[in-house]
Protein chains: 2
Amino acid sequence: MARTTTRRSPSAGSGRRNAGTKGVPRADREEQIVEVATEVFGTQGFAATSVGDIAERAGISKPLIYNYFGSKEGLLRACLHRAIEILAGEFERIARGDAVGLERALRTLEGTFVLLERQPWIWRLFFDPTIPRGEQGIAAELALYTDRFTALAEEGVGEMMRLAGNEDPRDVSALTAVWMSVADSLVTWWLDHPDETPASMTARCVRLFQLVLGATLPPGTTAD
Amino acid sequence: MARTTTRRSPSAGSGRRNAGTKGVPRADREEQIVEVATEVFGTQGFAATSVGDIAERAGISKPLIYNYFGSKEGLLRACLHRAIEILAGEFERIARGDAVGLERALRTLEGTFVLLERQPWIWRLFFDPTIPRGEQGIAAELALYTDRFTALAEEGVGEMMRLAGNEDPRDVSALTAVWMSVADSLVTWWLDHPDETPASMTARCVRLFQLVLGATLPPGTTAD
DNA sequence: CGGTGGTAACTTACCGCAGAGTCATATTGT
DNA sequence: ACAATATGACTCTGCGGTAAGTTACCACCG
């Protein structure tokens, strides 16, 4: 009745004129926010990023983020959760494959390139030095995640080193760190050369492996 | 004279009771502050660090920092300046040496380890993602510094690749990025294992080089 | 089909606090 | 006495976080 029309609140006082649902269900909105946040956290770092900035880029308001994620840390937690789902699954699939040694390394790189195409910053989340290292809260969770990576990488590296006759655990640890950093730097380099495709990156890696390691990779290793 | 005593201001209102020179000349104080700041910036990141925190750790007060460096960015600038002096000089010295290829790589690493002993965070300053990337101000200066590194590294990498028969400039560029990242990751790993010495780090690198590259390093390369 | 409440989706406006940067002032070596 | 060295106490901006209100969708009733 009149009420419907009468409810013309827009003018009432200085109320929230742009309020009201836009018909986006919570799950969709959450995913959208997490996507934006992951990019910003991953490129600028957690400490240097403000929640307001994320809200603005996502085209929504700050309180909505707090409604859904509780806190800035909660938002980061959600980003990490999504990222680990994306990455670890793929890496574990590769690890379960039958490739070993250098070929396994190359396959991992190849998978990484395909996976991180257009969203390389996901990787950076796990190595953000600005995440508060307070012994409680997010630090433990983060360690859990990175350990999942590291264990996988360390398994591969350790395997290769065993074949070569070195089993020093500290050497394995150091070489694993180097290997993960190599993958990281290649993704970063790719970011600076956007015209490269996952396939061309893989081909480049094959060339560089052959050059640096003097290795002969089996045919068919290069993506189509 | 009476005046000196009469001026007993300590009680006057709530004056600065701890003020007054402590006999430390400006240059010394500046160096001391820069040293502390470099450590904190390098480990926590620029954005996550507060000037007050630095002042407290240095045992002086915040205004003194602003007196000497003008701003937080100015302090960072001073840190970068000192760091580039320390690092670039050493790298250029190595580059001028007669080592080539893998041996030059190893000598660079060795020099880095010796140089960064007890202050590994210096290196991190140049790759801190939380430094404001505003096109003006510090970003340009930082780029200048990192370019100085990169040029040197690219020269070494390009030389090695030429010997191996690959002159693709993009391959050189990518491999240079990888190489610098390798050095970075080794320093980072060292940060997490503080009991390692420069010599033990170098020895480890020799082992890993031999293992991964199948290379035979000349004797005398290992630091005693 | 029209109305009508309940609730999920959104917002504006604000609070409190931490941190960058400043001012006026105090102390001491020379 | 004076310049250099130093600081307590302040302002102001920006950000994490919150309160309270607004709007749209939807299931249900008549």
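Every value quoted in this text rests on a predicted model; they were computed, and no experiment measured them. Side chains included, hydrogens not; waters and symmetry mates left out as well; all remaining heavy atoms used. Numbered from 1 within each chain, the chains take letters A, B, ... in sequence-line order.
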Any donor-acceptor pair under 3.5 Å joining the side chain of Lys62(B) to the base of dA20(C)?
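By the distance-only test, yes, there is a pair.
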
Nearest to the side chain of [X], heavy atoms from C-beta on, is which of [options]?
X	options	value
Ile60(B)	dT7(D), dC10(C), dT5(D)	dT7(D)
Arg26(B)	dT11(C), dT5(D), dC15(D)	dT5(D)
Asn18(B)	dT5(D), dT7(D), dC10(C)	dT7(D)

Quick one: is [N] close enough that its OP1 or OP2 comes under 4.0 Å of any side-chain N or O from [X]?
X	N	value
Tyr66(B)	dT22(C)	no
Lys22(B)	dA4(D)	no
Lys72(A)	dG16(D)	yes

Could you pull out all residues at least two apart from Gln119(B) that satisfy side chain to side chain donor-acceptor pair (under 3.5 Å)?
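With neighbours one apart ignored, the set is empty.
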
With a 3.5 Å distance limit and no angle check, can you tell me whether Asp128(A) reaches the backbone of Phe46(A) through a side-chain donor-acceptor pair?
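Yes, because the side chain of Asp128(A) sits within donor-acceptor range (under 3.5 Å) of the backbone of Phe46(A).
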
If only atom types and distance count, is the side chain of Arg170(A) paired as donor or acceptor with the main-chain N or O of Asp168(A) below 3.5 Å?
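Not at all, since once roles are kept as given, no pair shorter than 3.5 Å links the two residues.
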
Yes or no on side-chain hydrogen bond (donor to acceptor under 3.5 Å, both in side chains) for Arg124(A) and Thr188(A), after CA distance, side-chain angles and deciding distance?
CA-CA 10 Å; Arg124(A) 294 301 187 73; Thr188(A) 303; 2.6 Å; yes

What does Tyr68(B) touch in the nucleic acid at a heavy-atom separation under 4.0 angstrom: a base, only the sugar-phosphate, or nothing?
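If one applies the 4.0 Å heavy-atom cut-off, Tyr68(B) turns out to touch the sugar-phosphate alone, with no base involved.
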
Taking any heavy-atom pair under 4.0 Å as a contact, classify Ser61(B): base, sugar-phosphate, or nothing.
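It contacts base atoms.
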
Report for the helix from dC1(C)-dG30(D) to dT30(C)-dA1(D): angle between first-end and last-end helix axes, five pairs each, rounded to 10 degrees.
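End axes: 10° apart.
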
